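To start, the structure itself, in structure tokens.
Predicted, not measured: the structure shown is a model, and the values here were computed from it. Lettering follows sequence order; numbering is per chain, from 1.
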Amino acid sequence: MPRQILVTAALPYANGHIHIGHLVEYIQTDIWVRFQKLRGHRCIFVCADDTHGTAIMIRARREGRSEEAVIADMREAHMRDFAGFQIQFDNYGSTNSPDNKEACHQIWAAITKAGLVKTRSVEQLFDPVAGTFLADRFVRGTCPRCTAADQPGDNCSVCGAAYTPADLRDPRSILSNAVPELRSADHLFIELEQLRPFLEDWSQNGGHLQSEVARYLKGNFLGDPLRDWDISRPAPYFGFEIPDHPGNYWYVWFDAPIGYIGSTREWCRQHSEHVEAWWGRDSAAEIHHFIGKDITYFHTLFWPGMLHTAGLNLPSKVHVHGFLTVDGEKMSKSKGTFLMASTWLRHLPPGALRYYYSTKLGPGLDDIDLNVEEFVARVNTDLVNKVVNLASRCAGFLAGQTLADTYPDDGGLFAAGAARGDAIAAFYEDCNYNAATREIMALADRANKYVDDLQPWVIRKDPARSAELRDVCSVTLNLFRQIVVYLSPVLPGLAQQTAELLNQPITSWDEAARPLTGTLVSPFQHLMKRLEMKQVQAMVEESRQENAAEQSAAATPVAQSATPVGPAFHPADRWQDAGDALKNEPLAAECTIDDFTKVDLRVARVLEANHVEGANKLLQLTLSLGGGEVRNVFAGIKAAYKPEDLVGRLVICVANLKPRQMKFGLSQGMICASGAGGTEVFLLSPDTGAVPGHRVH
RNA sequence: GGCGGCGUAGCUCAGUUGGUUAGAGCAGCGGAAUCAUAAUCCGCGUGUCGGGGGUUCGAUUCCCUCCGCCGCUACCA
């Protein structure tokens, strides 16, 4: 009995490009959808750009164009990136669409009618120049507790104090640099607490949520009265105006999930279907949302609450996944691991990432790690060495001929593989791709062993055994194809190439249980190239440079392009320091005190300084940390300092740096200096009183 | 501070509804093979299942506690 399944992935925000962290979700979801379709179910996959909110409004102002122009460009970029990674949506809409607006109106009417909406006055900082209320992150000022300057509006990054933007001393709007005013405005709230009985039941029963998620809600939200949800913003705001409250707009998180319905409506119009067949309360459709754990709250409390109140179909399951780390760390712009989808596609094939993610993804919300060395090894070993190798080993012997007319005796191998089909399908269904790929690779191992045992390369030498050769190759190619059927949700490209090789498309999961006979075998072409570490390194390097360029561009303050309004005098103006140095070398990513502590900086005295024979830039220094502890250091300061001027002076050195073998000898540290290099090098010195061995804190 | 999660072989992770010798892949070592994109096949793991305590005939699996790591949260979530 075919199921009717509506699948969604979270709507990417129109303020940024798709990166490999986003792709965890889109790949996970796309695989699930392709799997369902392959199984013969009726399944549609809808998504859309999330387009509303303050951030888009600000961006449009900064770029001096309309919000519509900003989101149109980004939508195009998103769709291009998704297509590049073989993410196949049935419809890709926008939350800023007539269909979505209509859906918002419909749900709003129901929520209002149910008596869930109330009005309350909210005090908030207002930017009189930009003419807009300011979300916390758009205000900066001096921390009221520790007086650190230029802190964000919600908490202090120096002392950790939490406060409201109104508590800041000397607050500034980052939009216009104006001094914000405290103003009040009426906001609309949804009284979620009224839905408590429903939410407790829905979230805890019926298996709609992973057990961790159900527990999380129970412990974090359902234990206390549910807070009212502020869902309106006063003008100006880029979004939909609330029909019965002119001058107020729905908060972006109100209309974003409704975008799932809006996108479905679009699809329905294009396919002459009724949206009620999917979202109506009596619909037989299952609804599956795939989201990241950061937006669990919206999808497991607000969203079902809204649907319930509006009398619509509820999610069958919300699949929550974890975040992506790269080499065990958060993706980092400065390290180049904050990889954009488009950057990836310039260097590496999409299938490699799809497959690697599959080997890491399980049904839980654990973060997954992209370890680049493992990535290269895994993809090469599994896909090239094992799977594709099967075709590569045998297709050549049979090119231009046909597969055996009846499937030969293979000792039960194909049947055994077919028998694993249900188990593999269950893993896919449960989003346990990691287990699915493991299972599939075991089939590839067995198939390779079959080839080793039967030795077609020996059989080929005897013309009398040509029928036997054809049988062995037919078996191997069928085992290969069976594996490809199982992998096809992950690797649609490989499925397509295999269809061309064996002249038979792969359209159904059941084909893994039916050996192919009698079809022509096309001349073999490589189905996949091995990855090289070089490619990954080049990609990371390009990404690092892109981000550095972007950051120095972004370092230009908003205030410069917005109307400059601010104090006539700023303390920094007294010295007239230009911003070039900072611009040329933007600030590195934030580090913790622990990171800083790892670097052991010490005061050292230069005992000796010498030219290095054959070196253009280096001086060789002998540093003393006191008490007879000396270090040999090569420093690139020859153009800026004469050796004789250095001897005797104090410098700051990195004393615990891993020694490095250089062309001219072993360098056991670095000395600290600022400047662009060349003749512009300025050594750091401690003030009078410091002695060699002092640690710099 | 609160809540949650994690800590299993060099690496990435399975697993155990408590029960005979705790698993896989990768890496490593030895051998075979040479059809195949330096790919394949066979053999090789004495790991305190983070430390300690408890419950039990028996715990890596349940409970408590400690250590370490991480995430979320700390009034517009």
What's the verdict on salt bridge (Lys or Arg N to Asp or Glu O under 4.0 Å) for Arg120(A) and Asp186(A), showing C-alpha distance, side-chain angles and the deciding distance?
-> CA-CA 5 Å; Arg120(A) 202 197 314 154; Asp186(A) 282 347; over 6 Å; no
For Phe254(A), the option from Phe189(A), Trp108(A), Phe298(A) that meets ring pair (Phe, Tyr, Trp, His ring centres under 6.0 Å) = Trp108(A)
Taking only N and O in the side chain of Arg530(A), is any of them less than 4.0 Å away from OP1 or OP2 of rA39(B)?
-> yes
Both distances under 3.5 Å, Watson-Crick or G-U wobble: on that basis, could you give the dot-bracket string for RNA chain B, with [ ] for crossing pairs and | for other-strand partners?
-> (((((((..((((.....[...)))).(((((.......))))).....(((((..]....))))))))))))....
Between OH of Tyr450(A) and CG of Asp410(A), what distance do you get to the nearest 0.5 Å?
-> 6.5 Å
Under 4.0 Å between a Lys/Arg side-chain N and an Asp/Glu carboxylate O for Lys118(A) and Glu191(A)?
-> yes
How would you label the contact of Asp367(A) with the nucleic acid (heavy atoms, under 4.0 Å): base, sugar-phosphate, or nothing?
-> nothing
Would you indicate what Met528(A) reaches in the nucleic acid, counting non-hydrogen atoms under 4.0 angstrom: base, sugar-phosphate, or nothing?
-> base
For Phe414(A), all residues meeting ring-ring contact (aromatic ring centres under 6.0 Å, His included), sequence neighbours excluded | Tyr407(A)
Report yes if at least one side-chain N or O of Lys386(A) is closer than 4.0 Å to OP1 or OP2 of rC26(B); otherwise report no.
-> yes
Please list residues of residues 456-463 of chain A whose heavy atoms come under 4.0 Å from any atom in RNA chain B, ordered by number; otherwise none.
-> Trp457(A), Arg460(A)
Answer with base, sugar-phosphate or nothing: what part of the nucleic acid does Leu301(A) contact at a heavy-atom distance below 4.0 Å?
-> nothing
Looking across every strand, which nucleic acid part, if any, lies under 4.0 Å from Phe298(A) by heavy atom: base, sugar-phosphate, or nothing?
-> nothing
Look at the side chain of Asn389(A) and the backbone N and O of Ser392(A), then say whether any donor-acceptor pair between them is shorter than 3.5 Å.
-> no
Looking across every strand, which nucleic acid part, if any, lies under 4.0 Å from Asn371(A) by heavy atom: base, sugar-phosphate, or nothing?
-> nothing
